Amino acid sequence: MQIATWNVNSLKVRLPQLLDWLSRDPVDVVCLQETKLVDAKFPIDALAQAGYAAAYSGQPTYNGVAILTRRETVGEPSDVAIGNPLLEDPQQRLISATVAGVRVISAYFPNGQSVDSDKYVYKLGWIDRLLEWLQPQLADGAPLALLGDFNIAPEDRDVHDPAAWAGQVLVSEPERERFRALEALGLVDAFRLFEQPEKFYTWWDYRQMAFRRNMGLRIDHILVTGALRGRVRECRIEREMRKREQPSDHAPVVVRID
DNA sequence: ATGGCCCGTAGAACGGGA
């Protein structure tokens, strides 16, 4: 089974690329972020034609998350939950569902804008509430995967120019502390389970020809519980998706598990 | 050089992204 995450930066714009990708590589579960679609405009019909069911939660203009499941292999998402009950939040950033015995969470962490911004305070609080909400879910050791755009580069090796980024939003110590707090709950960064090439990132700015120059950050992640860790066979970043015409600024990340 | 580009909502610029 393959589980993927992709910040699409508008599902309306990226739908043809998503369908083309899934037709070539029929990933079983796809977590999406930044769909930027109200629920009434979610492309359920086009996805159904491609063989996928969907759980989704959107709003106008901003945010929006979804979980797609390939009907033929993993069926429909069950026990769908939207948001975090510990946080009253109009921003649609979190959706969970059970798929093939795995609790799957698609998360779009706040960006934070800058460390002196109100949005940064919101980001840290959002993650703190996420930690509180996750802790009891992880207690029973059941298989769970937290996937999404974390908007955190956990270590300097996840940053193309650590000196230039030092202390800034996405790499600041309070954000990295919270990433480590997720790991302390028993979650493991699937990408780091394997030997990986250096300078592998998941996001590149649209400006400055950043992708061509590989000026990127690794901020999209797949974290798995101990119950899944031993089943993970591969974790890869689909860099090819960033090379396409009219790409998302994020590349998908995929895990293959037994 | 503190912007560059892309997206949605607009129906011109602007907020937001990272």
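Everything quoted here is computed from the prediction, not taken from an experiment. Side chains included, hydrogens not; waters and symmetry mates left out as well; all remaining heavy atoms used.
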Assign [X] to base, sugar-phosphate, or nothing according to its heavy-atom contacts below 4.0 angstrom with the strands shown.
X        : answer
A:Phe211 : nothing
A:Val169 : nothing
A:Asp220 : nothing
A:Asn151 : sugar-phosphate
A:Glu34  : sugar-phosphate

So A:Glu175 and A:Lys123, salt bridge (charged side-chain N to carboxylate O under 4.0 Å, His left out) or not? Walk me through it.
-> CA-CA 9 Å; A:Glu175 294 166 82; A:Lys123 178 179 194 173; 2.5 Å; yes
Answer whether the closest heavy-atom distance between the side chains of A:Thr225 and A:Leu138 falls below 4.5 Å.
-> yes
What do you reckon, is CD of A:Glu173 surrounded by more than 12 foreign heavy atoms closer than 6.0 Å?
-> yes
Give a yes or no on whether A:Arg71 atom CZ has more than 12 heavy-atom contacts from other residues, nucleotides or ligands under 6.0 Å away.
-> yes
Residues A:Asp20, A:Arg244: salt bridge by 4.0 Å N-O rule | yes
Considering only NZ, NE, NH1 and NH2 on the basic side and carboxylate oxygens on the acidic side, decide whether A:Asp25 and A:Arg236 come within less than 4.0 Å.
-> yes
Pairwise [atom1] distance, [M] and [N] [rounded to whole Å]:
N      : M      : atom1 : value
B:dT2  : B:dA18 : P     : 23 Å
B:dG16 : B:dA10 : C1'   : 15 Å
B:dC6  : B:dG11 : P     : 23 Å
B:dA1  : B:dC14 : C1'   : 23 Å

For the residue pair A:Phe191 and A:Phe200, categorise the inter-ring angle as parallel (less than 30°), tilted (30 to 60°) or perpendicular (more than 60°).
-> parallel
Between A:Phe109 and A:Ser10, which has a closest nucleotide on DNA chain B that is more 5'?
-> A:Ser10
In terms of the nearest nucleotide of DNA chain B, which residue is placed more toward the 5' end: A:Arg207 or A:Asn7?
-> A:Arg207
Does NZ or CZ of A:Arg93 lie under 6.0 Å from the centre of the six-membered ring of A:Tyr108, at an angle within 45° of the ring axis?
-> yes
Distance-only polar pair, side chains of A:Thr73 and A:Asp28, donor-acceptor under 3.5 Å = yes
Of all of residues 239-254 of chain A, which get a heavy atom below 4.0 angstrom from DNA chain B, listed by number?
-> A:Gln246, A:His250
Leading and trailing nucleotides of DNA chain B with any atom under 4.0 Å from heavy atoms of chain A | B:dG4 to B:dA18
